[in-house]
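Take a look at the structure below.
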Amino acid sequence: MQIYKVGGAVRDRLLGKPVTDIDWVVVGATTEEMLAQGFRPVGADFPVFLHPKTGEEYALARTERKSGRGYGGFTFHASPEVTLEQDLIRRDLTINAMAEDDGQNLTDPYNGQRDLEDRILRHVSPAFAEDPLRVLRVARFAARYAALGFTVAPETLELMRTLSESGELEALTAERNWKEISRALMEEQPQVFIQVLRDCGALKVLMPEVDALFGVPQPEAHHPEIDSGVHTLSVLEQSALHRQPLTVRWACLLHDLGKGLTPQEEWPRHIAHEHKGLKLIKAVNERFKAPKECQELALLVGQYHTHGHRALELKATTLLELLQSFDVYRRPQRFEEFIAACEMDARGRKGLEQRSYPQADYLRGAANVARSVAVQPLLEKGFKGPELGEALKRERLKALKAYKEAAAS
Ligand code: ATP
Ligand code: MG
């Protein structure tokens with residue numbers, strides 16, 4: 001049997017990027033031979049094994065054929081006769097379809113190295129269209145390598161467009177979609193992921209609520225970039241520049257969905273878009289079965305981001321309601337993430353990226369003030385049950401009023 005490094009490991013070595021996980025392909029072996037050498041099988045239907053010592057993935061060279069909709073509709077054929085070239089042709093991009101042996105001799109039948117040098121993401125063969133997930137994968141690689149100058153080949157984008165229009169994207173499961181989306185949002189330029197999906201018509205299918213933001217104007221005085229979609233991309237860009245976690249990036253993407261619902265005659269104003277957007281945010285959350293923390297933060301940021309921006313003008317009662325809504329007493333981290341998302345929203349405006357955001361410290365200070373109101377003295381006074389809750393609220397309000405006055409002077 002011959003063993004080769006394939007996929008990301010080869011690509012990233014040639015790019016001079018750190019290689020994290022290595023995928024291997026084995027040519028000329030049977031399942032029985034792999035098992036005899038101590039490899040552990042990964043799944044029942046896949047000819048994939050884990051190395052007994054390193055735990056890395058070794059796949060038997062295989063061919064694939066589509067036999068139905070979605071990913072379940074694939075049949076694999078693995079046998080010792082399948083060649084390396086046959087295995088490589090089923091892969092998504094030419095830059096991912098190179099292999100190397102232990103002497104770093106490259107096998108590159110589909111010109112991946114040339115595309116790597118030319119900074120092009122190009123599909124290997126028309127079989128690309130057999131798995132619609134590849135649309136998301138290409139967009140994700142575009143997000144990852146945008147800084148290096150990579151773009152999607154026009155013919156690949158065309159194929160992605162055909163796939164998006166064919167209805168095939170609908171066959172993808174929430175789990176596969178979320179895996180790609182969440183990884184893409186954590187890439188260096190997540191806004192490129194959304195842009196590429198939009199360019200090929202996939203955004204309209206996957207997240208019509210986000211797609212609908214493009215072409216919707218906002219008041220120029222607050223939003224020099226004007227377009228709500230452009231703004232959303234900038235907010236996402238800022239979230240990556242500021243190394244925000246996935247929860248915050250997800251909230252950034254969805255925070256303004258309500259603007260897509262504003263009747264044209266109200267443009268460029270978006271009255272109550274925070275509230276109107278909630279049902280859209282909920283729909284997107286559920287469509288992809290986003291993790292609970294992502295869902296929760298996206299809804300809270302959607303509802304309260306303008307409160308964040310107006311923090312210094314909020315009445316003490318409103319400020320308290322905001323803090324209560326976030327349960328800042330038990331969930332300090334979540335409130336921090338809210339503040340971060342608001343700041344990214346403010347920075348995601350053309351020409352205002354560097355402007356300071358004093359609201360952040362003000363909100364942090366307010367949360368600390370509310371948190372530091374002690375329960376013990378109230379218990380000693382004999383408050384309990386709902387009355388204790390009310391008394392606590394009064395004390396917190398008093399403390400917030402003092403905080404607000406101090407900040408104003
Ligand atoms: P990463 O750095 O994200 O791990 P990778 O290229 O190694 O990138 P993997 O998901 O680990 O990506 O997959 C390994 C290889 O398997 C890819 O390089 C590609 O050749 C192939 N591959 C993975 N998923 C698909 C797919 N859906 N369609 C076609 N080829 C795929
Ligand atoms: Mg990999």
Side-chain angles (χ1 to χ4, degrees), residues 4-27 42-43 46-51 54-66 69-76 78 82 84-100 106-113 115-116 121-148 150 152 156 159-160 163 168-169 171-173 175-190 192-193 202:
Y4 302 89
K5 265 185 207 171
V6 283
V10 181
R11 176 197 68 220
D12 288 338
R13 185 184 69 77
L14 292 172
L15 279 173
K17 291 247 169 189
V19 172
T20 44
D21 77 324
I22 304 181
D23 300 297
W24 304 86
V25 73
V26 183
V27 177
V42 169
F46 270 42
V48 178
F49 304 84
L50 298 181
H51 191 278
T54 65
E56 285 170 345
E57 279 196 15
Y58 286 69
L60 294 186
R62 64 177 191 252
T63 58
E64 287 176 354
R65 243 193 21 240
K66 192 175 171 63
R69 275 173 82 86
Y71 199 59
F74 259 101
T75 49
F76 301 100
V82 176
L84 184 58
E85 284 75 9
Q86 283 173 325
D87 180 275
L88 293 176
I89 203 169
R90 70 175 171 81
R91 293 169 186 270
D92 47 6
L93 295 171
T94 60
I95 63 164
N96 291 342
M98 297 181 276
E100 73 187 16
L106 204 63
T107 303
D108 180 19
Y110 310 108
N111 294 315
Q113 204 172 15
D115 284 340
L116 211 56
L121 304 171
R122 192 195 313 276
H123 65 284
V124 176
S125 86
F128 180 93
E130 293 184 356
D131 178 9
L133 190 78
R134 291 167 189 160
V135 172
L136 285 87
R137 281 180 59 92
V138 174
R140 173 162 67 79
F141 283 114
R144 183 188 295 181
Y145 297 125
L148 295 177
F150 276 85
V152 181
T156 301
L159 197 53
M160 289 161 72
L163 260 167
E168 278 284 315
L169 286 177
L172 290 168
T173 62
E175 288 74 16
R176 287 190 90 207
N177 275 326
W178 179 255
K179 200 167 161 221
E180 286 305 320
I181 294 167
S182 56
R183 291 183 73 185
L185 290 179
M186 292 313 291
E187 296 291 359
E188 203 172 297
Q189 300 205 34
V192 173
F193 174 71

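As the structure lists them, so they are numbered: ligands from 1, and atoms in each ligand from 1.
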Please identify which atoms of ligand 1 are closer than 4.0 Å to at least one heavy atom of [X].
X    : value
G7   : 18 (O)
D21  : 4 (O)
G8   : 5 (P), 6 (O), 7 (O), 18 (O)
D23  : 7 (O), 11 (O), 14 (C)
R140 : 3 (O)
R144 : 1 (P), 2 (O), 3 (O)

Can you give me the closest heavy-atom contact between [X] and [Y], atom names plus distance?
X    : Y   : result
S125 : I89 : OG-O, 3.8 Å
D12  : P18 : CB-O, 4.1 Å
V48  : A59 : CG2-CB, 4.0 Å

D131, portion touching ligand 1 at heavy-atom distance under 4.0 Å: side chain
From CA spacing to verdict: side-chain contact (heavy atoms from CB on, under 4.5 Å), L93, D115: CA-CA 10 Å; L93 295 171; D115 284 340; over 6 Å; no
Option whose closest heavy atom lies nearest to atom 12 (O) of ligand 1, chosen from E57, K17, R137, E180: R137
Option nearest atom 6 (O) of ligand 1 (shortest heavy-atom distance, choices R90, H123, R11): R11
Heavy-atom gap F141 to ligand 1 smaller than 4.0 Å: yes
From CA spacing to verdict: side-chain contact (heavy atoms from CB on, under 4.5 Å), V138, D92: CA-CA 8 Å; V138 174; D92 47 6; 5.6 Å; no
Name, closest N/O/S atom of D23 to the Mg ion (ligand 2): OD2
Audit row: L14, M98, side-chain contact (heavy atoms from CB on, under 4.5 Å) steps and yes/no: CA-CA 10 Å; L14 292 172; M98 297 181 276; 3.8 Å; yes
SB check D23 R91 (cutoff 4.0 Å): no
Parallel, tilted or perpendicular: rings of F150 and Y145 (30°, 60°): tilted
